[in-house]
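Okay, so here's the structure we're looking at.
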4 protein chains.
Amino acid sequence: MPRSTNQTRPAPRKAPKQARSLETVAVIVEAAARILEERGHDGFSTNAVAERAGVSVGSLYQYFPSKDALIGALVVRETSLLVEDTKKACAQSTGQAALSAFIAACIAHQFRRPQLARLLDYEEARLPFDADTQRVGRQIHELVIEMLAKSDLPALEDPDLTARETVAIIKGIIDAAGQHGDADTDALAGRVQRAAFGYLAIGPG
Amino acid sequence: MPRSTNQTRPAPRKAPKQARSLETVAVIVEAAARILEERGHDGFSTNAVAERAGVSVGSLYQYFPSKDALIGALVVRETSLLVEDTKKACAQSTGQAALSAFIAACIAHQFRRPQLARLLDYEEARLPFDADTQRVGRQIHELVIEMLAKSDLPALEDPDLTARETVAIIKGIIDAAGQHGDADTDALAGRVQRAAFGYLAIGPG
Amino acid sequence: MPRSTNQTRPAPRKAPKQARSLETVAVIVEAAARILEERGHDGFSTNAVAERAGVSVGSLYQYFPSKDALIGALVVRETSLLVEDTKKACAQSTGQAALSAFIAACIAHQFRRPQLARLLDYEEARLPFDADTQRVGRQIHELVIEMLAKSDLPALEDPDLTARETVAIIKGIIDAAGQHGDADTDALAGRVQRAAFGYLAIGPG
Amino acid sequence: MPRSTNQTRPAPRKAPKQARSLETVAVIVEAAARILEERGHDGFSTNAVAERAGVSVGSLYQYFPSKDALIGALVVRETSLLVEDTKKACAQSTGQAALSAFIAACIAHQFRRPQLARLLDYEEARLPFDADTQRVGRQIHELVIEMLAKSDLPALEDPDLTARETVAIIKGIIDAAGQHGDADTDALAGRVQRAAFGYLAIGPG
DNA sequence: AATGAATGAGGTTTCATTCAT
DNA sequence: AATGAATGAAACCTCATTCAT
């Protein structure tokens, strides 16, 4: 039997319903995050997620048409936070300042939930996401291109490639640090900057 | 997907004593590589591998005590090639030359079979390998530490961390290039060097 | 034959909450009984049980976490009937009357489904059951100790051993009769009493 | 392929060959006993037996046409020892003396290898043995009939049934004692006699 | 005779997904 | 809308038995 029967509800009828749905969706997505963190990709099952979320599998499938769609939603949720911070970083006046802020955002993102971040990177690479999900993923790419175009940075032959590889460097180091359990984020930021700026052929300083 | 036990002994269960066996083992491992490339982690099943190898599942399990052991053997096979090249790189007289050679080796390794390399990186991180398998993985780490200790490079506070992150940078860029299908390995080598040397605070030169 | 793990939790995995479930559980257990009777231990497979029960394997595993758990449930179901009758037997005022009633109960139990009774004895000895299941098995033992302590019977040095062996004698003869197809339960009861009372050093009377 | 090819048979040449074969057979049967004791019915596999015996599976199948035939041979080997002792017991002049000697023989038999004895009882009941194997099993039955016919014991209405049940009683108690680890065989013998003689309606003494 | 690599049917168990209630 | 029982394809792995060497 459902959590609460939900019948009568006059005047402001639909708003609350939506609110409830939104909350249910959020609960499910967070449960998915926990299960993924705790059990890894192979231990991640829709039944486990539903149980952890305190809803029935049926409800889960009411909100997400498939397991991969649920993972996609989780990717979107996690990436969105980083996108927001990346937008702010992009608002910095110089390219170097923007990149530094972006690196700091990536580190913050990674250290919030290291396991989750790592596993979702893998899922993101693996899944043929729908347009929405991919778009969120691409937003960061576009923003980095924008940063790299700022006037204090050298002009680029192939901005697309450079942005892609810059992100790869940054993620690579940060992931390694996260996996190993390093805790000194300031020192890490310095090292990541050295690598990124070196790659971009920006002299130190 | 049924769970595999994860208490892996990747060493072949039985030391093949006949020529036929050795060939069978090789055939199975190569089939595993192909299946992994073509179908990814989720599509990788022991039945599929056996069928592709042209042997029965029973034969597969005669040589590999579990699915994960098979993956372990594949990791060892692939990594061994890179280890050999890394040893040669390490024999260079200067650190910069050694690193450059190492980067070239990584690129060659990655471009041989990009999908495979990427997926095995993931498996390597995921699996709790036994001592033998891990050793192969650690060998590269140790060799990089050795390279970084050469006299032309700045002294390091934490060689372990630096080696780990250097490898992460190199793999990060190369993976990204491999995923995207970039073909110009010389240019790629230059970019990877810029990032690695920048990270190591070695001025361009 | 693939090994089952032997770390049994025979309690149903999920407490059935709907009437349908209860019936499904009962249907599965009865199907298990039939398959065991008809095909023996080696022919007893979860697929066969599910098919005979008219449910899918998945349903079977929804209620029983393993094959052995299912056997455990069957042991409990069958033994429970005998436990009830043994309790009634134990309520008799004299020890001799109680034992005679117990013997009659054992005979009735055995003749209801001779094959099943015999095979479950074997399973009971083989399986490392959890506390609940073992308790059902031990109840009979405790009740027999209680019977043997009644004042009309000789005092015992080692009630535990005596109860164990008394039950062994009774089961031994009855099993032999059941295996051979003897049908005269009254005569059988007499012979069992002679053996049991002889063992207990109670003169014929 | 049959148990042994058995064709030519010249003068002295074959003696060594036969000796070797006999020894191999004995080694395999003993290995079977050990595996059964250590791993139980479900862990008993022909591959394990061959390995333990230090021969190839192929050789095992040269001497035993099937797994069940191997178990049958083990049953015969174990039972034969008891048959010999039962024959000696049967040579006693009185029935009571014969039965007492038989009981002692059964106890000795059971305590030699308790696990093995118990598991083979089960196999014996389960398997549809070939004529040879069954005959060995029946020999004891016949010998007990002979004992029961001796003049100091009451005449029997149904010697077949009585012998069967007498053996069941004796085995029942002794098994129970063996399973529980009781070590005092003299006291056990006394209790078994009380039960058996009680069953046979022979007063104590 | 002996070997042991190979076979493959079959066993146990999981889990994404559906649908009657 | 929600529930959760039910489904069944498919995964991993074993082992009795065969047969080329």
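By convention in this document, chain letters (A, B, ...) are assigned in the order of the sequence lines, proteins followed by strands, and residues within each chain are numbered from 1.
For E/dA20, the paired base is F/dT3 (Watson-Crick or G-U wobble, both distances below 3.5 Å).
Listed pair A/S56 / F/dT3 meets the phosphate criterion, a side-chain N or O lying under 4.0 Å from OP1 or OP2. In this structure, C/Y61 does not reach the E/dT14 phosphate: none of its side-chain N or O atoms is under 4.0 Å from OP1 or OP2. For the pair C/Q62 and F/dA5, the criterion of a side-chain N or O lying under 4.0 Å from OP1 or OP2 is not met. Taking side-chain N and O atoms only, C/T24 has a distance below 4.0 Å to OP1 or OP2 of F/dA6. Taking side-chain N and O atoms only, D/Y63 has a distance below 4.0 Å to OP1 or OP2 of E/dA2.
Regarding D/N47, its CG atom lies at a distance of 9 Å from the C1' atom of F/dT14, rounded to whole Å. Per the geometry, CD1 belonging to C/I71 stands 10 Å off P belonging to E/dT13, to the nearest Å. Note: CG (C/D68) to P (E/dG11) measures 16 Å, nearest angstrom. If you measure from atom CD of C/E51 to atom P of F/dG8, you get 12 Å, rounded to the nearest angstrom.
Nearest-nucleotide positions on DNA chain F place C/G58 closer to the 5' end than the other of C/G58 and B/S45. With the nearest nucleotide of DNA chain F identified for both D/F44 and C/V57, C/V57 has the one nearer the 5' end.
Between D/R126 and D/D121 there is no salt bridge, since none of the side-chain N atoms of the basic residue sits less than 4.0 Å from a carboxylate O of the acidic one. A salt bridge does not link D/E124 with D/R118: none of the charged nitrogens is closer than 4.0 Å to a carboxylate oxygen. The pair B/E30-B/R77 meets the salt-bridge criterion, with a side-chain N (NZ, NE, NH1 or NH2) lying under 4.0 Å from an Asp/Glu carboxylate O. Salt bridge annotation for A/R34-A/E38: absent, with no cationic side-chain nitrogen under 4.0 angstrom from a carboxylate oxygen.
The side chain of A/S59 has F/dT3 as its nearest neighbour among F/dT3, E/dT17, E/dT13.
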